[in-house]
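Note that this is a predicted model, so its numbers are computed, not measured. These numbers come from the heavy atoms of this one structure, side chains and all, not from hydrogens, waters or symmetry mates. Every chain is numbered from 1 and lettered A, B, ... according to where its sequence line falls, protein lines coming before strand lines.
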Protein chains: 2
Amino acid sequence: MVRKLKSRSPDARASGAPSVTLIDVARVAGVAPMTVSRALHRPELVREETQKKVLAAVRATGYVPNMLAGGLASSRSRLVAVLLPTIASSIFAETVQALMDGLSVANYQTLIGLTGYSASREEALVEALLGRRPDAIVLAGTDHTNTTIDRLTRTGIPVVEIWDLTEKPIDMVIGFSHEQVGREVARHLLQKGYHRFGVISVNDPRGLRRCESFRAELARHGISECPFETLPAPATLEGGRRGLSHMLEYTTPDIIVCSSDTLAEGVLMEAASRGIQVPTDLAVMGFGDLSMAAQLHPALSTVKVGGADIGKRTAEALLERFETAPPAGPRCIDTGFAIIDRESA
Amino acid sequence: MVRKLKSRSPDARASGAPSVTLIDVARVAGVAPMTVSRALHRPELVREETQKKVLAAVRATGYVPNMLAGGLASSRSRLVAVLLPTIASSIFAETVQALMDGLSVANYQTLIGLTGYSASREEALVEALLGRRPDAIVLAGTDHTNTTIDRLTRTGIPVVEIWDLTEKPIDMVIGFSHEQVGREVARHLLQKGYHRFGVISVNDPRGLRRCESFRAELARHGISECPFETLPAPATLEGGRRGLSHMLEYTTPDIIVCSSDTLAEGVLMEAASRGIQVPTDLAVMGFGDLSMAAQLHPALSTVKVGGADIGKRTAEALLERFETAPPAGPRCIDTGFAIIDRESA
DNA sequence: CTGTTAGCGCGTTCAA
DNA sequence: TTGAACGCGCTAACAG
């Protein structure tokens, strides 16, 4: 029987090798292309013998399925787009790593976009990434431009907002309440007897919200004075040092609360160089509990939030969603946090 | 005039919104689909007036180009695949960040695969990622399985091996010589007068090579005794602590050389808890110069290697390669390194 | 269990 | 400067 299968494309790319296609494999295996496709994706629908022939042909030809074509035909790209401020910060890196690990076992790949905390960049990236027709999209934070929200809702793909919590998510949220962190840290420190507070933060939106909530809670307890230094993102050791230096010019706090461990390290550094005893003369509270130095320094308290945990749970939520057809309505997962008090250790 | 343009696909996905296509835009703009495509990708080939109509239609419809279809039709995916051991290590995170930044300005997106230092995982990932038909692939290291090398050379796409150097790269290499690092560190320390060396390393292939080269250079200078502790990857503070503890059970080095700053931090930690003065009683040399604690601790020497620099130069090399058609032959870029001696600071 | 038909949405190539 | 035909490589849907 004569098969009228097209031979092969002229060439994949200018100098590239002529890529092997399903048709080539089918010819070698002596079956129809569709059978090859099934043998590869739904082996249970194929006789064992055929299956073997196909796999042999795949190996013989070195066939690698073209997922651009597959995605186009099936409207399933097996791609998840992830938008984060940065990846060069261990806390987000852990999230991505855990997310990727979780998704990869189900054969999903991850497309990453870095926003650098800019909403307009996020907007542009969302559009660019949607061009790949991802099966889901993960965004850091819950604060997006209208265009972004609009596009996302219209496409109707699963959306997960992470690292924050909100009453009305676009679709799903997985994170913790930054307001609650600020509030509980304030209560914790008040209870420990601190009086003169100082706050140092970078101008990352979530960090600022933690700090504002912290100060609001202090105010609720009658402490309206709370010096506040803000620095441009990203957080650096140098920033922490300068923040403390500057603050000491006009006040003498007994505890400094920082928007991140990195900043807190800088504060510790500056304190050390001035001969200030931590935590005796000055206590320091960070956020993140990830930096190695935070673990090293026995006097640094911090707030532990599970970066990896968020990634893991996001992967789980998505995989579950991919299984079950109906969206099942908006969903919120609070991953919580823990105040780690190292002074008492 | 009656246009026979197909209306639209039944639906993009089960519950998804029926995705807007080029045809929809064309209909709204009153031009042929091809004209829309040109207006978007090669505006210079289109009359200004037509251009405006098209852009208006794009905005009106909320059209987002389908890059699966575009890539399939043009054999150019505008995707670069990157394979790294991990991303939850600040040194690689910096590389990725810089690489992504560099590529994104040219509208390339990045697909990341995490190997966890496993060659077999790398092999599987290469196959999976090649399925997306990336326009280039970036791999950490120069040590790959034959299957990997084979597949890579056959596809003929640009390949960059980073974080290492080799005489015969698959295509391009951008990194530094780990042997040279080991050698120069040895010479540096010998010259400073150290006698009793100890080495602590995780079993990451490149780390081991630095350490082996270090010990070989010592041997060349008549020092054949060099206690060597290896630990399973990834590097942790705990590992560093245990490494030092264990070593102190059978020897008393005057300097410890570690395969990474993280390990070095652990060593510092253990030393501190034992009341050992650094660097007076025991000096410590790390690798990476990235961890905050390394910057904090004035007594820790280290080897600085540009993680971000590697990423940036890789992006540059690729973009250049995408411009110029002919491969121009194998290419090696040595990004070098610097020994940072903090004892004398 | 396997094959056939008919696109998926776009860019290439040529003709107008 | 614009349009029409065709095919990229694959899978959904149905037929056998």
**Results of side chain to side chain donor-acceptor pair (under 3.5 Å) for T35(A) - residues two or more places apart only** = none
**D309(A) atom CG, neighbour heavy-atom count above 12 within 6.0 Å** = yes
**Message:** In whole Å, I'd like the distance from the CG atom of L72(B) to the P atom of dC10(D).
**Reply:** 9 Å
**Asked** Which nucleotide sits closest to the side chain of T21(B): dT2(D), dC10(C), dT2(C)?
**Response** dC10(C)
**Request:** Calculate the interatomic distance between R133(A) atom CZ and dC8(C) atom P; express it in whole Å.
**Result:** 14 Å
**Request:** Indicate yes or no for a side-chain donor-acceptor contact from T153(B) to the backbone of I149(B) under 3.5 Å, with no hydrogens or angles considered.
**Result:** yes
**Request:** Please determine, for the side chain of T50(A), which listed nucleotide (dG3(D), dT1(D), dC1(C)) has the closest atom?
**Result:** dC1(C)
**Rounded distance in Å - CG (L45(B)) to C1' (dC14(C))** = 15 Å
**Request:** Check each residue of residues 55-67 of chain A for a non-hydrogen atom within less than 4.0 Å of any atom in DNA chain D, then write out the ones that pass by number, or none.
**Result:** Y63(A), P65(A), N66(A)
**Asked** Is there a donor-acceptor contact under 3.5 Å from the side chain of D171(A) to the main chain of V160(A)?
**Response** no
**Message:** Quick one: does any side-chain atom of T86(A) pair with a main-chain N or O of G116(A) as donor and acceptor, under 3.5 Å?
**Reply:** no
Where do N or O atoms of nucleotides 12-16 of chain D meet protein N or O atoms at under 3.5 Å, pair by pair?
none

**Message:** For a 4.5 angstrom cut-off between non-hydrogen side-chain atoms, does V80(B) reach L111(B)?
**Reply:** no
**Request:** Compute the angle between the rotation axes at the two ends of the helix from dC1(C)-dG16(D) to dA16(C)-dT1(D), each taken over five pairs, rounded to 10 degrees.
**Result:** 30°
**Message:** Nearest to the L22(B) side chain among dG3(C), dC10(C), dG9(D), which nucleotide is it?
**Reply:** dC10(C)
**Request:** Return the value, rounded to whole Å, for the distance between atom NZ of K52(B) and atom C1' of dT1(D).
**Result:** 17 Å
**Item:** Contacts of Q109(A) that satisfy side chain to side chain donor-acceptor pair (under 3.5 Å) - sequence neighbours left out
**Value:** R132(B)
**Message:** Which nucleotide wins on minimum distance to the side chain of T35(B), given the candidates dC10(D), dT2(C), dG3(D)?
**Reply:** dG3(D)
**Asked** Got a donor-acceptor contact below 3.5 angstrom from the T115(B) side chain to the L84(B) backbone?
**Response** yes
**Fill in**
Rounding to 0.5 Å, atoms CE (M100(B)) and CD1 (I112(A)) come to a distance of 6.0 Å
**Residues in side-chain contact (heavy atoms from CB on, under 4.5 Å) contact with T145(A), at least two apart in sequence or another chain** = A119(A), E123(A), T147(A), T148(A)
